[in-house]
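Order of the sequence lines fixes the chain letters, A, B, ..., with proteins taken first and strands second; residue numbering starts at 1 for each chain.
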Protein chains: 2
Amino acid sequence: MPPTHSSAMPLSAPTTLFTGLSPAEIDRLNESAVARQVAAEAYLLHQHSAARAVYMVESGVLMMERSSAAGRRQVMAFIQTGNFIGIAQNEFYEFSVAALTAATVKEIPQKTFIELQDEIPQLKDNVRRIGGNILAHALDQVFALGQKKAHERVCFLIQQLHDRKGDPRSRVVELVMTRQDIADYLGLTIETVSRAFSKLRAEGVIEVHSAHTVDILQPETLREMALAE
Amino acid sequence: MPPTHSSAMPLSAPTTLFTGLSPAEIDRLNESAVARQVAAEAYLLHQHSAARAVYMVESGVLMMERSSAAGRRQVMAFIQTGNFIGIAQNEFYEFSVAALTAATVKEIPQKTFIELQDEIPQLKDNVRRIGGNILAHALDQVFALGQKKAHERVCFLIQQLHDRKGDPRSRVVELVMTRQDIADYLGLTIETVSRAFSKLRAEGVIEVHSAHTVDILQPETLREMALAE
DNA sequence: CGATTGTTTGACACGGTTCAAAGTGGGTGG
DNA sequence: CCACCCACTTTGAACCGTGTCAAACAATCG
């Protein structure tokens, strides 16, 4: 049976670049990669700069954002261990990527990366799939911003962060980002985000331990609100 | 010099699957393709169905949409001649595609399409680029829904439709879709969209010939509003 | 322990939605 | 060909959710 909704179904086994690769192939990929450290608050890459590399996140949390000339900022994604950056780019990056925490990434030159795909068919498949997942994520966000109320968008984010953690039984979600980052991700203001958290707490859907840790008390309610059912 | 913003720069020569291909290669692609007619109002494909083919639009206008269990609908894109459908999909379509007008498309089985990319390197590049454009479109929409006011979103759509027409000097834009479609694309209601058109008309930015034809009177103002500068 | 930054809460204003009604246009049948 | 009808669009008025402005509160770091 097909999923009822893309975001309704956490990926059971998320595709990485290494999925299905032989040890030898994994080695080849790793040989082409250079480890890079990114300090908290620092930028990994900037909007409009030439897209020369793709990145795999090894640790830490980063944030993909886009700013207009007027200074309005939209956060496009929060990026965690196992996510990829720059896979579906043309010659220029369409966004900046900043580190929320100290992070380590592996950098592969775009040219090398494209060549490796010709030599490793399975890698090409993985890239295809990851590209599909990235687009699916963007479409989920379009739906959230276009159709959902403030508290539903907050549920959408909490659910998204929860789904990415391996264990579905865990009910604790860490919010590494600030309220401003959340607001800019969901197309809201700080105050509205804060009120949405308070409302969900008052309704008993979540518990807010600190501003950066929430407990999910009613997973089913959260999920419904996140999907806007 | 890099573009100031992805949507600020209409693609000078939009990439098609055929870009840079030899006549023989174009023939091979065409041999694998089956022409299909889609009647106005009919669906080309449905959300959650298995993604078995990719499509090139030859004529007509279609609409990509996603609906939630609650019946809320988000229009993801308006698709015109030269656009592609299903290029960046995984096993299931994440959206439905309906025809606004009678349309003709070429259908290529996904499997064949993937194999052809192995045999025609330039085709692989084209697919990469088209995939990048599709993601860029989605990111533009996220930005619009997250950061822009109603009248700016309407400018965003008008500008987008204008940029896709070949001739940048033409100041006429045809709106094939209904106000409801526009509303669902921009995350607004019919009434708000209608009021936004009236406001832009009152300000002299556009002229509304009929509900489905507008004249751009102040291209510069329109562009600024569309970009939210 | 104070200072600074980030978060929550409150009061009010505004933009967008909702509900209602009038206006417009295209198509059909008389 | 005109008149009617139906669907779509526009406009109006009241309401509500979110944004804005302001202040209290909490947490973090020196």
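- Of the listed nucleotides (D/dT11, D/dG19, D/dT9), D/dG19 has the atom at the smallest distance from the side chain of A/Leu188.
- The distance between the ring centers of A/Phe78 and A/Tyr185 falls below 6.0 angstrom.
- Within 4.0 Å (heavy atoms only), B/Thr178 reaches sugar-phosphate atoms of the nucleic acid but no base atom.
- Atom NE2 in B/His212 sits about 9 Å away from atom P in D/dC8, given to the nearest Å.
- OP1 or OP2 of C/dG16 has not a single side-chain nitrogen or oxygen of B/Thr192 nearer than 4.0 Å.
- The closest donor-acceptor contact from the side chain of A/Arg179 to the backbone of A/Glu191 lies at 3.5 Å or more, if one exists at all.
- The separation between A/Arg195 atom CZ and C/dA11 atom P is 11 Å, rounded to whole Å.
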How does protein contact run along nucleotides 25-30 of chain D, one letter per nucleotide 5' to 3', with B for base contact, S for sugar-phosphate only, - for none, heavy atoms under 4.0 Å? ------

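- In this structure, A/Lys149 places its NZ atom 8 Å from C1' of C/dT17, rounding to the nearest Å.
- Between the side chains of A/Tyr55 and A/Glu107, at least one donor-acceptor pair of N or O atoms lies under 3.5 Å.
- Atom CZ of B/Arg52 has 12 or fewer neighbouring heavy atoms from other residues, nucleotides or ligands inside a 6.0 Å radius.
- Closest to the B/Glu191 side chain, of the nucleotides D/dC21, D/dT11, C/dT8, is D/dT11.
- Ring pair B/Tyr43/B/His46 is parallel by interplanar angle, where below 30° counts as parallel and above 60° as perpendicular.
- Of the candidate nucleotides C/dT7, D/dT11, D/dT20, D/dT11 has the atom lying nearest to any side-chain atom of B/Ser198.
- Here the C1' atom of nucleotide D/dC21 and the CD1 atom of A/Ile190 are 13 Å apart, to the nearest Å.
- A donor atom on one side chain and an acceptor atom on the other are found under 3.5 Å apart for B/Thr104 and B/Ser59.
- The nearest whole Å value for the distance from the CD atom in B/Gln180 to the C1' atom in D/dA7 is 13 Å.
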